[in-house]
Amino acid sequence: MSEEHEENEELKKSRLEYLEDLPGIGPATAQKLKELGFHTVESLAMATVRELEPAGISEKKAAAIISAARASIGVTFVRADELLKMRQNVLRLTTGSKAVDRLLGGGLETQTITEFYGEYGSGKSQICHQLCVNVQLPPEKGGLEGAALYIDTENTFRTERIVQMAKHIGLNPEEVVRNIIYAEAYTSDHQMFLLENADEVIKENNVKLIIVDSLTAHFRSEYIGREMLASRQQRLNKHMHKLIRLARAFNAVAVVTNQVMAKPDMFFGDPISPVGGHIVGHTSHTRVYLRKTAHGPVRIARLVSSPYLPEGEEIFKITENGIEDVAEEEKPKSSGR
Ligand code: GTP
Ligand code: MG
């Protein structure tokens, strides 16, 4: 057994499995915390003192609970070299297209949020479907050997499409479908509620991919007008932060989709911009802009922002099989993009 393996085993043993195992949490407090959406030690480790306030526990006790949870899962203050180690735990998930994976530096990362934005039909939901299948692949094939959680706000998830994609890559479709946990969100409040209560489902099912498709549609239709903008942004911000913390706590990939809107009053730059403004932009670590082309199934993916990768573009296509590369001989010659 390698030293590293032993170290991991040791760490696992020292981990506390249930909320009730943490010092200072009795059955009543545990119940209240669960009502607030904290079902696991992992999610408590990522909580803030203020978030625990509604459970009726003192600030001091809340701080003690959070630090016990952190110590249990090994999240405390870290030295920069340890930070590097945490980065090394980052895993990558394939999109199904080598070109798009290359654009993203090897696939979508765990522990951060990747946002796909673009107009209707640009392929946002299709990529989400493909990722739900790919996440179940073994690491050597670009997967994370985990399950997917799909929060669908527009009722566009299709099991039949998953079956098609699974068959194509040689996975058992029935098994693949069983490993996708689906929830339809009816309103923005419901959408937030689902994510706030997702920690237990994530842990129990070894979820390695969390999708919110679409992140902004409900918020956009419910919060109308200038006077509601501030509260919309505040809620969106809270929602995104919950997502980041889940992605970190469970070393999972987080994906959100976003529509675009035209800015007719804009004279310079691209008049098409994603909904959600600065909040979504700053919280998404990686943003990818998807565009349709004059060449049927061919789409362009543009990396618009990333913490460390250069901007760039690649093409892919959406076919019966799912998300695929465009073969060299199929590549559009003209720049009819
Ligand atoms: P909105 O949610 O409306 O904003 O769009 P979106 O970006 O989510 O688009 P989506 O991912 O749903 O892409 C839809 C497009 O994917 C369709 O216009 C088709 O071109 C393609 N597509 C979807 N399903 C299939 C399929 O089963 N076979 C093939 N060949 N293409 C498909
Ligand atoms: Mg869609």
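For ligands, and for the atoms within them, numbers begin at 1 and follow the listed sequence.
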Between Leu144 and Val253, does the side chain to side chain contact (heavy atoms under 4.5 Å, CB included) criterion hold? Intermediate values first, please. CA-CA 9 Å; Leu144 304 174; Val253 171; 3.8 Å; yes
Answer yes or no: is there an ion pair linking Arg245 with Glu196, defined by an N-O contact shorter than 4.0 Å? no
Are the side chain of Arg299 and the backbone N or O of Gly121 linked by a donor-acceptor pair below 3.5 Å? yes
Is the ring pair Tyr117/Tyr289 parallel, tilted or perpendicular, if the boundaries are 30 and 60 degrees? parallel
Test of understanding: with salt bridge (Lys or Arg N to Asp or Glu O under 4.0 Å), list the residues that count as partners of Arg232, not counting sequence neighbours. none
Near the Mg ion (ligand 2), which protein N/O/S atoms fall under 2.8 Å? Ser125 OG
Can you tell me how the ring of Phe157 sits relative to the ring of His129, calling it parallel under 30°, perpendicular over 60° and tilted otherwise? parallel
Salt-bridged, Lys317 to Glu330, with N to O below 4.0 Å? yes
Would you mind writing out a table of all protein N or O atoms found under 3.5 Å from any N or O atom of ligand 1, naming both atoms and giving the distance to 0.1 Å?
from	atom 1	to	atom 2	distance (Å)
ligand 1	4 (O)	Lys124	NZ	2.8
ligand 1	5 (O)	Gly121	N	2.8
ligand 1	7 (O)	Ser122	N	3.3
ligand 1	7 (O)	Ser122	OG	3.3
ligand 1	7 (O)	Gly123	N	3.1
ligand 1	7 (O)	Lys124	N	2.9
ligand 1	7 (O)	Lys124	NZ	2.8
ligand 1	8 (O)	Ser125	N	2.9
ligand 1	8 (O)	Ser125	OG	2.9
ligand 1	9 (O)	Gly121	N	3.3
ligand 1	9 (O)	Gly123	N	3.4
ligand 1	11 (O)	Lys124	N	3.3
ligand 1	11 (O)	Ser125	N	3.0
ligand 1	11 (O)	Gln126	N	2.8
ligand 1	20 (O)	Arg299	NH2	3.3
ligand 1	24 (N)	Gln126	NE2	3.4
ligand 1	27 (O)	Arg161	NE	3.4
ligand 1	27 (O)	Arg161	NH1	3.3
ligand 1	28 (N)	Glu320	OE2	3.1
ligand 1	30 (N)	Glu320	N	3.4
ligand 1	30 (N)	Glu320	OE2	3.1

Please identify each residue that fulfils salt bridge (Lys or Arg N to Asp or Glu O under 4.0 Å) with Arg220, with sequence neighbours left out. none
From CG (Leu149) to CD1 (Ile210), nearest 0.5 Å: 6.5 Å
